[in-house]
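Computed over heavy atoms, backbone and side chain alike; hydrogens, waters and symmetry mates excluded. Counting starts at 1 for both ligands and their atoms, following the listed order. In this chain, residues are counted from 1 in sequence order.
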Amino acid sequence: MIKRLLIANRGEIAVRIIRSCREMGIETVAVYSTADRNSLHVRLAGRAVCIGPPAPAKSYLVKENLVMAALHTGCEAIHPGAGFLSENAEFARFAEEAGLVFIGPGAEVIELLGDKVRAREAAKRYGLPVTPGTGVVAPDPAGSRAAEEAALSMGFPVIIKAAAGGGGRGMRIVRRPEDLAENLSIARAEAEANFACGDVFIEKYLENPRHVELQILADGQGTTAVLGERDCTVQNNHQKLIEESPSPGITEDMRNTMISGALPVFRELQYRGAGTMEFLVEKDSFYFMEVNPRIQVEHPVSEAVSGVDIVRQQILSCTEGRMETGGGLLPLSGWALECRINALGPGTVTRLEVPGGPGVRFDSYLYQGCAVSPHYDSLAAKIIVHGPDRQATLARMDRALGELRIEGIQTNAGRQRWIVNHPVFTQGVFGVSWYAQALQAAGEAGTPP
Ligand code: ADP
């Protein structure tokens with residue numbers, strides 16, 4: 001077992017990783033920007049190293065400083081968490097070249113999967129269905145003409161995506177052929193600015209699909225486990241808000257077909273650690289979207305139904321080439337639901353009462369008196385509940401949200417409770433566009449949540 005690990009992240013996910021390390025007897029080193037000096041992850045870690053000023057580009061995204069901090073403190077491994085450099089192949093390579101274990105599937109696999117166009121091609125080779133779409137659209141008039149032809153043949157609307165995109169950003173929906181060329185150049189400029197790569201491609205836009213994803217764990221030695229699926233269909237602007245497992249929107253048959261399509265891909269890649277294969281589901285069909293080669297925010301719902309500590313298995317598989325689970329679809333029980341609690345602005349938490357009781361888990365970096373910084377993403381806490389079936393789990397989440405009190409900052413907790421009790425959500429039949437439409441309808445009816 002390794003002795004010491006550096007966590008190249010902050011906030012709730014850094015706290016989550018420290019918790020598993022402590023149980024495994026692994027010492028932890030946190031990193032922090034000057035804005036995070038008093039953050040919970042700094043308090044909980046064995047040691048902490050300041051890596052720069054608040055702006056991520058000068059702290060959490062500076063590869064050299066992170067690797068130096070790890071070497072300087074005698075760490076043997078780096079866990080990148082989610083976000084920041086977690087999908088950055090160069091960072092993985094840099095860490096590996098410095099003799100550190102990168103908790104992830106390795107630079108080459110990250111590189112392949114991080115390029116959505118290459119990942120789609122790989123998925124197609126393995127016989128997975130992908131949405132109709134193009135390769136990278138060449139940035140010249142001939143490229144635009146070819147793109148228009150392709151879009152007309154798949155039918156409008158289409159969605160332009162950044163090949164290197166992520167986090168629900170860098171996508172543009174185009175409904176009319178005459179808007180395509182202009183949107184392609186805007187998308188290219190945005191992709192260049194956000195992801196340092198201007199490559200874009202086009203996909204058929206599905207109007208209101210479900211988002212369903214498989215949680216995978218692999219040891220890099222041939223054992224690949226599936227911890228069932230998560231349904232992340234409640235979204236606002238392509239950002240996930242609520243996740244659950246199992247999905248209320250797929251059949252046993254579809255789940256099995258997805259799994260038997262996904263497993264060979266991970267095996268062939270000699271994948272190690274945690275990964276998520278994402279799909280869009282429309283009626284009886286599903287389409288491969290991408291693989292995220294890292295831990296995801298919504299991993300706790302899979303932990304709840306499988307009883308597996310995903311961070312622990314990630315660390316074991318990447319440092320020792322072993323896992324404590326078998327392969328294939330693991331036994332799962334009950335129903336789990338996660339509500340993301342987002343801060344709607346910065347501030348200081350003046351009062352915090354967290355939910356508890358049977359089947360309730362609260363993952364957060366908040367404490368009474370802590371600062372919520374304007375410099376980072378808005379995720380402040382996650383409430384995860386587990387129950388015997390969907391109805392009982394929804395009632396449990398309603399109860400948990402009712403116990404939560406956060407004062408000093410504004411959060412979306414009230415809206416989350418509104419969703420959990422919404423008749424469409426409780427029936428379970430909806431798509432990714434539903435939430436925005438429901439919100440608008442409530443506003444028009446004069447009853448905004
Ligand atoms: P990211 O890598 O930024 O997370 P994804 O490719 O995973 O982006 O897509 C995120 C979300 O965008 C999906 O859950 C879905 O809501 C929407 N989306 C992506 N592709 C399509 C598509 N072809 N049709 C409709 N919606 C899509």
Novice: List every atom of ligand 1 that sits less than 4.0 Å from any heavy atom of Val432, numbering the atoms from 1 in the order shown and giving each element.
Specialist: 16 (O)
Novice: I need the contact type for Glu207 against ligand 1. Using non-hydrogen atoms and a strict under-4.0 Å cut-off, is it side chain, backbone, both or neither?
Specialist: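 It is neither part, as no heavy atom is under 4.0 Å.
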Novice: Under a 4.0 Å N-O cut-off, is there an ion pair linking Lys204 with Glu282?
Specialist: no
Novice: Mind checking whether His422 and Trp434 have parallel, tilted or perpendicular rings, split at 30° and 60°?
Specialist: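 Aromatic pair His422/Trp434 classed perpendicular.
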Novice: Looking only at heavy atoms, is any part of Gln235 under 4.0 Å from ligand 1, and if so is it the side chain, the backbone, or both, or is it neither?
Specialist: side chain
Novice: Name the closest protein heavy atom to atom 9 (O) of ligand 1, giving the residue it belongs to and the distance to 0.1 Å.
Specialist: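 Sorting protein heavy atoms by distance from atom 9 (O) of ligand 1 puts Met289 SD, 3.6 Å first.
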Novice: So how far is it from Glu444 CD to Leu439 CG, rounded to the nearest 0.5 Å?
Specialist: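 Rounded to the nearest 0.5 Å, the CD-CG separation comes out at 10.5 Å.
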Novice: Check whether Phe279 forms a cation-pi arrangement with Arg255 (NZ or CZ under 6.0 Å from the six-membered ring centre, at most 45° off the ring normal).
Specialist: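 No, Arg255 and Phe279 do not form such a contact.
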Novice: Evaluating non-hydrogen atoms only, which member of Gln296, Glu290, Glu213, His211 is closest to atom 2 (O) of ligand 1?
Specialist: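 Looking at heavy atoms only, the winner is Glu290.
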Novice: Can you name the closest pair of heavy atoms from Tyr365 and Ala371 and give their distance?
Specialist: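 Reported closest heavy-atom pair: CE1-O, 4.3 Å.
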Novice: Considering only heavy atoms from C-beta outward, does the side chain of Glu338 approach that of Ile384 to under 4.5 Å?
Specialist: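 Yes - at least one pair of side-chain heavy atoms lies under 4.5 Å apart.
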Novice: Looking only at non-hydrogen atoms, which of Glu87, Lys161, His238 approaches atom 19 (C) of ligand 1 most closely?
Specialist: Lys161
Novice: Got the closest protein heavy atom to atom 26 (N) of ligand 1, with its distance?
Specialist: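 Closest protein heavy atom to atom 26 (N) of ligand 1: Tyr205 CE1, 3.6 Å.
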Novice: Check ligand 1 against Ile159 and write out every atom of the ligand that is under 4.0 Å from a heavy-atom position of the residue.
Specialist: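 Counting from 1, the qualifying ligand atoms are 22 (C), 23 (N).
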Novice: Show me the donor-acceptor pairs within less than 3.5 Å that the side chains of residues 136-155 make with the rest of the protein, sequence neighbours left out.
Specialist:
| from | atom 1 | to | atom 2 | distance (Å) |
| --- | --- | --- | --- | --- |
| Asp140 | OD1 | Ala142 | N | 3.3 |
| Asp140 | OD1 | Gly143 | N | 2.7 |
| Ser153 | OG | Ala150 | O | 3.1 |

Novice: I need the contact type for Leu280 against ligand 1. Using non-hydrogen atoms and a strict under-4.0 Å cut-off, is it side chain, backbone, both or neither?
Specialist: side chain
Novice: To the nearest 0.1 Å, how far is atom 25 (C) of ligand 1 from its closest protein heavy atom, and which atom is that?
Specialist: Leu206 O, 3.1 Å
Novice: Would you mind checking which non-hydrogen protein atom is closest to atom 4 (O) of ligand 1, with the distance to 0.1 Å?
Specialist: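 Here the nearest protein heavy atom works out to Gly168 N, 3.3 Å.
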Novice: Please list the nearest protein heavy atom to atom 10 (C) of ligand 1 with its residue and the distance rounded to 0.1 Å.
Specialist: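 I find the closest protein heavy atom is Met171 CE, 3.9 Å.
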Novice: Taking the side chain as every heavy atom from C-beta outward, state whether Leu112 and Val291 have any atom pair closer than 4.5 Å.
Specialist: no
Novice: Provide the number and element of each atom of ligand 1 under 4.0 Å from a heavy atom of Lys116.
Specialist: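 With Lys116 as reference, the close atoms of ligand 1 come out as 1 (P), 2 (O), 5 (P), 6 (O), 8 (O).
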Novice: Which atoms of ligand 1 are found less than 4.0 Å from any heavy atom of Glu203?
Specialist: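 By the 4.0 Å cutoff, the relevant atoms are 20 (N), 22 (C), 23 (N).
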Novice: So do Glu203 and Met171 actually touch side chain to side chain, heavy atoms under 4.5 Å?
Specialist: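 When only atoms from C-beta onward are counted, Glu203 and Met171 do not touch, as no gap falls below 4.5 Å.
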